[in-house]
Amino acid sequence: MITPQEATQIINSHLLRFANEIVGLNQARGRILQESVVADRDFPPFNRVTMDGVAYSIDQVSGENPEMVIEGMQLAGEPSKTLIQHNNCLEVMTGAVLPSGADTVSPYEEVDIREENGKKIAILKTAPEKKGKNVHPQGYDRSQGEELLSVGTWLGAAEIAVAASVGKETLTVTQLPEVAIVSTGDELVPVSEQPEPYQIRQSNNYALKAALSAVGATARFYHLPDSLEKTTTGLAEVLENHPVVILSGGVSKGKRDYVPVALEQLGVKKLFHRVKQRPGKPFWFGIKDNQNAVFALPGNPVSTFMCFHRYVQPWLERSLGAKATATRWATLSDNVKFEPELMYFLTVMAHPSEDGQFLAKPIQGHGSGDFANLLHCNGFLELPADRSHFRQGEAFPFIPFM
Ligand code: AMP
Ligand code: MG
């Protein structure tokens with residue numbers, strides 16, 4: 001049996017590579033960028049007025065309440081105008097180019113405007129603070145040619161806005177695989193069927209599909225009965241059609257747990273079976289010809305759920321080319337005792353407390369079959385195997401649920 005750290009290491013050194021595709025900006029959210037996005041112009045591209053008001057040259061104003069003749073108006077979207085007289089001003093609107101000859105803007109709130117002999121005069125009620133006030137200078141944020149988004153960036157709303165601003169109508173991103181989700185077990189019936197008293201409805205596959213959709217991947221369901229022959233023929237078809245295969249159940253020591261045997265018969269190379277963790281000890285992982293990655297997760301719903309979040313999801317994100325994310329930590333709100341020499345994935349409800357700590361309250365439930373308990377949890381803590389007492393106030397890695 002290997003440790004969760006070893007399992008992670010093995011999994012992450014067997015990433016798959018997916019092709020790239022081009023998607024429209026409106027389809028890009030949540031995808032992993034596979035091109036470098038560069039500033040085609042300075043950010044901002046011109047000296048941009050940031051307040052509605054009047055623009056003038058600060059060197060031309062002096063005294064308590066300087067007065068200036070208003071020469072005209074510079075609206076947003078107009079080419080740059082030029083001050084004819086150095087000591088005059090122009091009315092300017094937010095988003096307009098700063099007129100040439102001006103360097104400072106006073107907002108309307110600080111200006112009185114009166115008419116005199118058909119001329120408009122601006123009187124500054126407050127002297128300007130400093131040159132450049134209310135002007136966002138050209139290139140102040142980013143320079144033309146600078147890389148704004150690099151390969152491996154997860155595309156959220158801000159990234160999409162930046163891509164739009166440099167004229168990218170489409171983006172190159174990693175193609176998302178259609179993952180095979182394979183449930184196993186003679187006791188399972190489809191959700192649409194009324195189970196007999198000795199049967200249960202399939203739920204792991206839905207949990208996996210929902211969690212996968214958070215990464216953007218789609219999934220197709222398969223179901224295998226507890227027969228070696230049917231498991232082998234079924235898995236052969238699955239491996240043909242899906243690079244990523246997630247199974248649940250059939251990997252323990254039961255008399256009808258045929259998944260590991262069938263996978264090996266089909267040429268999937270076992271990289272490990274059984275991990276020193278609870279829940280999820282029977283976890284099996286293998287690779288076929290660097291074409292298929294097979295995660296055979298234990299069938300108990302809490303085990304399936306946790307192994308997905310702890311191993312499969314990070315592996316998928318990396319295989320899609322995403323940059324590695326930093327470990328999150330949360331602080332235990334209560335003492336916890338766990339004696340077996342296994343890493344303990346402790347289900348918790350974690351939330352930021354009043355004093356700014358990210359506090360995780362243990363919600364232990366009734367073992368790995370108690371998936372209704374997950375309704376009260378938003379993730380789990382990793383409590384190391386070499387200890388049995390975990391104290392309130394100690395911080396541990398926190399894995400959030402999707
Ligand atoms: P196994 O790992 O096949 O021994 O299954 C362990 C437990 O998980 C059994 O009680 C199964 O009925 C249950 N189980 C397995 N697969 C699923 C599934 N897809 N949905 C819900 N429960 C499952
Ligand atoms: Mg089973």
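Owing to the predicted nature of the structure, the values given are computational and were not obtained by experimental measurement. Every number for a ligand or one of its atoms is a count from 1 in the order of the listing.
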Discussion item. So, 4.0 Å and heavy atoms of S248: is ligand 1 close enough to count as a contact?
Written reply: yes
Worksheet item: Looking at ligand 1, does S203 have a heavy atom less than 4.0 Å from it?
Response: yes
Considering both backbone and side-chain atoms of [X], is one of its nitrogen or oxygen atoms within less than 3.5 Å of a nitrogen or oxygen in ligand 1?
{"X": "S183", "answer": "no"}
{"X": "Q202", "answer": "no"}
{"X": "V251", "answer": "no"}
{"X": "G299", "answer": "yes"}

Using only atom types and a distance under 3.5 Å, with no angle test, would you say the side chain of [X] pairs donor to acceptor with the backbone of [Y]?
{"X": "K323", "Y": "G152", "value": "no"}
{"X": "T231", "Y": "V259", "value": "no"}
{"X": "H351", "Y": "F358", "value": "no"}
{"X": "S213", "Y": "G216", "value": "no"}
{"X": "Q199", "Y": "Q194", "value": "no"}

Worksheet item: In terms of residue, atom name and distance, what is the protein heavy atom nearest to atom 17 (C) of ligand 1?
Response: N204 ND2, 3.1 Å
Numbering the atoms of ligand 1 from 1, which are under 4.0 Å from a heavy atom of [X]?
{"X": "N300", "result": "6 (C), 7 (C), 8 (O)"}
{"X": "G250", "result": "1 (P), 2 (O), 3 (O)"}
{"X": "E187", "result": "9 (C), 11 (C), 12 (O)"}

Worksheet item: Is it the side chain (CB and beyond), the backbone, both or neither of I200 that lies under 4.0 Å from ligand 1, heavy atoms counted?
Response: side chain
Discussion item. Once you measure the plane-to-plane angle for W315 and F18, does it fall in the parallel (<30°), tilted (30-60°) or perpendicular (>60°) bin?
Written reply: perpendicular
Worksheet item: Should the pair F295 and F283 be assigned to parallel (<30°), tilted (30 to 60°) or perpendicular (>60°) ring geometry?
Response: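 Plane angle under 30°, so parallel.
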Worksheet item: Taking 4.0 angstrom as the limit, do E394 and R387 come out as a salt bridge?
Response: yes
